Amino acid sequence: MSNHSVGAVVSALIAALLFAVAAVAQQRAAAAVPEGKSLVGSLLRNPRWWAGIVGDAGGYAMQVAALALGAVLLVQPILVSALVFALPLAARLNNRRITARTWATALTLTAALACFLLVGDPTQGNANAPLREWLLPLGVLLGLILAATAGGIGAADPARRALLLGAASGSLYGLAAALTSYVTGLFEHGLGHVVGAWQTWALVAAGVTGVYLQQRAFQAGPLAASLPAVTIAEPLAAAFLGLAVLDERFRTNTVGLVVTGLAVLVMCATAIALSRSQAAA
């Protein structure tokens, strides 16, 4: 890996840690809001929630730095490691014990992540893709997000609601990540270019809606019922857009692509297993 890639990995790991701390703070704040009470109004008056927002801001700043140094395909999967940071912290604060099986699942997820990075070795692509190349992939992604949101809002089971709303939130974060490199690059041309770009407003809309849906997911159930869905959906959505729109590629052979694909499947399976085991605890 190049020095830029190493810098991207380190920045992304710091971002994951900050996102994990923020998620724990926000989930504890959102879970304390009864279903019938205004979620947004209650959270805006909660200092713990604002502390989580500060953590998110720091995490996003490190994510921006990571995306400036490396590809979306490289940076976004690393954020899955937020699970490994957040679950022990949440368990400690809630006086819950993490079983040996849960630790084994978390370590398997981490190993799959390392395999993805080392074998896949993703390249940077073209952040300046024209709108016509975004239309079809963006339409597909937004359709899936709407379906997950509708299913989550209508779900009677709290764990299912948290899972689906978390997946919708994570997918919106993945869209925001795919737009971040282009939007941050516009600042060197002046504020007018930033305000006049559709990518800027799509980034803002994805970020704001993603935060709201994440709080709804946090309100519905324990952190481990929602955070795995958020952290897995985000890199999958970003990787989809990176491959379909931004022309990012894996620098590996056919066997390496198979191994990379298996690593993604393992990451998804272990994230779901973490969600189920912790939600049932």
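Computed from a predicted model, the values in this text were never measured in an experiment. Sequential numbering from 1 along the given sequence is applied to the chain's residues.
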Give, for atom [atom1] of [X] and atom [atom2] of [Y], the distance between the pair rounded to the nearest 0.5 Å.
X      : Y      : atom1 : atom2 : result
Leu141 : Trp134 : CG    : CH2   : 9.5 Å
Leu39  : Phe218 : CG    : CZ    : 11.5 Å
Leu13  : Leu18  : CG    : CG    : 11.0 Å
Leu213 : Ser226 : CG    : OG    : 12.0 Å
Tyr182 : Leu203 : OH    : CG    : 12.5 Å
Gln63  : Glu234 : CD    : CD    : 5.5 Å

So does [Y] get a backbone contact from the side chain of [X], meaning a donor-acceptor N/O pair under 3.5 Å?
X      : Y      : result
Thr200 : Val194 : yes
Gln199 : Leu179 : no
Gln219 : Pro34  : yes
Arg45  : Gly41  : yes
Thr209 : Ala206 : no
Arg48  : Ala25  : no
Thr108 : Ala104 : yes

Could you pull out the closest heavy-atom pair between [X] and [Y], with the gap in Å?
X      : Y      : result
Ala22  : Asp56  : CB-OD1, 3.4 Å
Cys115 : Val259 : SG-CG1, 3.4 Å
Ala29  : Asn46  : CB-ND2, 3.6 Å
Val75  : Ala8   : CG2-CB, 4.3 Å
Ala197 : Leu186 : CB-CD1, 3.5 Å
Ala168 : Ile145 : CB-O, 4.0 Å

Can you tell if the side chain of [X] reaches within under 4.5 Å of the side chain of [Y], non-hydrogen atoms only?
X      : Y      : result
Leu138 : Val245 : no
Phe85  : Val24  : no
Trp50  : Leu44  : yes

Check your understanding: Among Leu142, Leu246, Leu241, which one satisfies side-chain contact (heavy atoms from CB on, under 4.5 Å) with Pro137?
Key -> Leu241
Point to revise | Leu135 with Leu175, same ILVMFWY side-chain cluster at under 4.5 Å | key: yes
